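Since the structure comes first, as structure tokens, the remarks are kept for the end.
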Number of protein chains: 2
Amino acid sequence: MSETGRQDRPTSRDVARRAGVSQATVSLVLGDRWRGRVSPARAEAVRAAARELAYRPNLAARSLRLGRSRTVLLVVPALTNEFFARVHAGAARVAGEEDVGLVLYHSPEVVLPARDPFASASASLAGVLASSMAAESLAELGGGGLPLVMLDSEPGRGGAVGTVNPDIAAAMRLVVDHLLALGHRAFGHVAAAVDSWTFAVRAGELAGRLAGTPGARLVATERAPLTIEGGMRAAERALAAEPRPTALVCDDDLLAAGAVKAARRMGLRVPEDVSVTGFDDLTLATALEPELTTVRLPAEELGATGMRTLLAALGGETPGGARLPVELVPRGSTARPPRAAGPDGR
Amino acid sequence: MSETGRQDRPTSRDVARRAGVSQATVSLVLGDRWRGRVSPARAEAVRAAARELAYRPNLAARSLRLGRSRTVLLVVPALTNEFFARVHAGAARVAGEEDVGLVLYHSPEVVLPARDPFASASASLAGVLASSMAAESLAELGGGGLPLVMLDSEPGRGGAVGTVNPDIAAAMRLVVDHLLALGHRAFGHVAAAVDSWTFAVRAGELAGRLAGTPGARLVATERAPLTIEGGMRAAERALAAEPRPTALVCDDDLLAAGAVKAARRMGLRVPEDVSVTGFDDLTLATALEPELTTVRLPAEELGATGMRTLLAALGGETPGGARLPVELVPRGSTARPPRAAGPDGR
DNA sequence: CTCCGCACGTGTTACGTATAACTTGGGCCT
DNA sequence: AGGCCCAAGTTATACGTAACACGTGCGGAG
């Protein structure tokens, strides 16, 4: 490893020479804080020179000088999970708008990062944006005292300066109420085998909601890794319970896809014999047949709002937490239970 | 925007003071080029001091000093497409191993980047890794003369220092031969409506292969945006052709998912009435029922090899191009055509 | 005994930027 | 007319690191 391509880009001094001013003036003009310090004519000359030379400020030098950077670290478990890819997209959009850099760390495992994320990216970070699963382990890691905003994680936890969450409890409520309204009473829960706040809330809300409804019952809870295969195995176990659940509530669309496969494999029709719901509204949801009833979590918004929250915090504000609205997307994978056990007539 | 958190991290001078040596020695030791210049005892003392202070070199200062960086820009159309997320994962893995930074630019549109990617990331990049679709537009953009490795793009194009491709032609050949062997003769092509080398090769290879097979015929070619919805509409058109294709070759698994939906919507069974194939082997492929016959493109390998190729180029070597092997994954969405029109008896 | 060379380090500088502190000329007020 | 202040710049410096170009002893060879 040597000779890493050196760029001979023009410096602010080159621009200064060309515009016939001092380097300091260039810095003032291009930094857009020249008002009242430089005449409009000269300012324009500087800008012209910069344009002609295709000048780009050297960010390394700027960071060094300022002792800070406009770069944010986003920590996610894995981008191959569409949900996190969308979180990233939202964060990246705002980062672009606000002209801050965004670097990414995705922990190879869903647990503790193998290597210190700050080691690789220690290019003087301004703050950290950490999403569920990743966030919890990161809180302990300390993060070098950087301002931290947690996404889809327990509010008021750790030293986070802010928290941004989709309204997970409401989301689960929407799902359960939808199924209850259809007449379902025997529920199965295909849960994510991940120790994370967001999934704990789902389990708690589901159990609570059913406990508050006479006649409703959580027949089975099966935990699974967040894959189709995992969802399939867990759903197979859940559907073997007695009495058999007429509705499978899945913590995730991937799990739901597996659940549908499991039902079919057991000779059950979806949604006639068993209803299946997911979480997230991934692309996957409309690929399935029937299309998956799910609840849309605003992933992009999560990333975008998280980034804005972090930037606000960096600006000195104390933003606290935000809760993002969610939306039920009823599709074909849910229907009235077999034997029309609906309470509300017909 | 102000007061972006300043970190008061220890500097190499702090380490030097603590170890009782000069800053230069610290630089030598920690840079691991002290052999024969510093006694082992002192070197160890320096390392100990660095450890105790939790010293991390300031990357901004280092980049500034060196005039180069160990940061690579990866350009992809969108990470929400699992294929590119996997490319990124591969590139990120190697980047981690080789201790180079990786920044990401994903063009909001699949076409030309809205903003100059180098503007945001101009933190002195060492090189650029650009994947299909993004690569083509980038080649014209020039990239500031940075070493560029293109992924899944036309070899020997533009100023690229290297190219890494999955063997797209072989991939299409595998698909077509698989279908021909099953007895299919009437083909439909659900093509991506994206002007990119990788899709041009698919179309060319499909046409060529069929032209070389007596009795085989490409009945319909329909172009679609790379979404399930797009695939569905295109497949509907293709299946309306006369004679109706018994096999739909899709440029992508998303398109294939749409094709399956279209077939069902028209009252056709998959695979009994029509076979469907995809490309990429996304997670989606095993969620569908029947599971999708597809060809696995080594996305992670693509990113990883691309990164290695770029690093080799930066090291002064002239790596040229690499071709990555692909693999047919036969699953349930393909079968013998109806009316058992197979030529090979039975 | 002198002198060379090696082993082991250190002083110093430059990278490109942002900004505090200073300079200068001219207009306005008294 | 004299003083003063403001507009419009400039000069100088520091940020943290890497690496070049120098010391300094000390052992052995001549």
Side-chain angles (χ1 to χ4, degrees), chain A residues 1-4 6-46 49-50 53-71 122-125, chain B residues 1-46 49-50 53-71 122-124:
Chain A
M1 212 63 44
S2 64
E3 287 299 339
T4 306
R6 164 182 297 254
Q7 279 283 82
D8 259 346
R9 301 205 275 127
T11 76
S12 61
R13 214 176 313 266
D14 295 327
V15 175
R17 215 160 4 233
R18 183 170 238 268
V21 298
S22 77
Q23 178 267 330
T25 303
V26 172
S27 178
L28 287 175
V29 172
L30 267 39
D32 206 37
R33 64 198 99 84
W34 54 279
R35 241 146 306 246
R37 324 249 307 119
V38 178
S39 68
R42 294 213 148 199
E44 184 46 42
V46 168
L53 293 178
Y55 168 73
R56 299 228 188 282
N58 181 322
L59 261 53
R62 176 178 290 173
S63 289
L64 178 57
R65 171 66 232 251
L66 294 178
R68 61 188 154 91
S69 75
R70 293 184 55 75
T71 298
S122 80
S124 186
L125 296 168
Chain B
M1 211 62 44
S2 64
E3 287 298 341
T4 308
R6 165 184 296 253
Q7 281 281 81
D8 259 347
R9 302 205 276 127
T11 75
S12 61
R13 216 177 311 268
D14 295 327
V15 175
R17 216 159 4 234
R18 183 170 239 267
V21 299
S22 77
Q23 180 267 330
T25 303
V26 172
S27 179
L28 285 177
V29 172
L30 268 39
D32 206 37
R33 66 198 97 85
W34 54 278
R35 236 137 320 233
R37 324 247 308 118
V38 178
S39 68
R42 291 211 151 200
E44 185 46 42
V46 168
L53 294 178
Y55 167 73
R56 299 225 189 286
N58 181 321
L59 261 54
R62 176 177 291 174
S63 290
L64 178 56
R65 174 62 237 250
L66 294 179
R68 60 187 154 92
S69 75
R70 293 185 54 76
T71 298
S122 82
S124 186

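Just so we're on the same page: letters track the sequence lines, and every chain starts at 1. Since we're looking at a predicted model, the values are computed, not measured.
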Evaluate the side-chain contact (heavy atoms from CB on, under 4.5 Å) criterion for residues B:R13 and B:S22: first the C-alpha distance (whole Å), next the side-chain angles of each, then the deciding distance (0.1 Å), finally the verdict.
-> CA-CA 7 Å; B:R13 216 177 311 268; B:S22 77; over 6 Å; no
Quickly work out the B:R33 CZ to D:dT17 P distance and round it to whole Å.
-> 12 Å
Verify side-chain contact (heavy atoms from CB on, under 4.5 Å) between B:V29 and B:V26, making sure each step is shown before the conclusion.
-> CA-CA 5 Å; B:V29 172; B:V26 172; 6.0 Å; no
Closest heavy-atom contact between B:A49 and B:A19?
-> CB-CB, 3.9 Å
For A:L59 and A:R56, what are the C-alpha separation, side-chain angles and deciding distance, and is it a side-chain contact (heavy atoms from CB on, under 4.5 Å)?
-> CA-CA 9 Å; A:L59 261 53; A:R56 299 228 188 282; over 6 Å; no
Contact under 4.0 Å: A:S39 side-chain N or O vs D:dG9 OP1/OP2 | yes
So which heavy atom on A:A60 is nearest to which on B:L64, and how close?
-> CB-N, 3.9 Å
Can you tell me if the side-chain N/O atoms of B:S12 get under 4.0 Å from OP1 or OP2 in D:dT17?
-> yes
Considering all heavy atoms, the nearest B:A43-B:V38 contact = N-CG1, 3.9 Å
Whole angstrom value for the distance that separates P of D:dC20 from CH2 of B:W34 | 19 Å
Taking it one step at a time, do A:S27 and A:R62 satisfy side-chain contact (heavy atoms from CB on, under 4.5 Å)?
-> CA-CA 11 Å; A:S27 178; A:R62 176 178 290 173; over 6 Å; no
How does each nucleotide of nucleotides 10-15 of chain D score, in 5' to 3' order, for protein heavy atoms under 4.0 Å: base (B), sugar-phosphate only (S), or none (-)?
-> BBB-BB
Checking all strands, does A:S27 fall into the base, sugar-phosphate, or nothing category for heavy-atom contacts under 4.0 angstrom?
-> base
Please determine if a side-chain N or O atom of A:S63 lies less than 4.0 Å away from the OP1 or OP2 oxygen of C:dT17.
-> no
Please name the pair of heavy atoms, one in A:Q23 and one in A:S12, separated by the smallest distance, quoted to 0.1 Å.
-> CG-OG, 3.3 Å
Counting any heavy atom closer than 4.0 Å, what does A:R35 reach on the DNA or RNA strands: base, sugar-phosphate only, or nothing?
-> nothing
To the nearest 0.5 Å, tell me how far A:T25 OG1 sits from A:L30 CG.
-> 11.0 Å
Mark up nucleotides 23-28 of chain D, 5' to 3', with B wherever a protein heavy atom is under 4.0 angstrom from a base atom, S wherever such an atom reaches only the sugar-phosphate, and - elsewhere.
-> ------
Atom CZ of A:R17 and atom P of D:dG9 are separated, to the nearest Å, by 19 Å
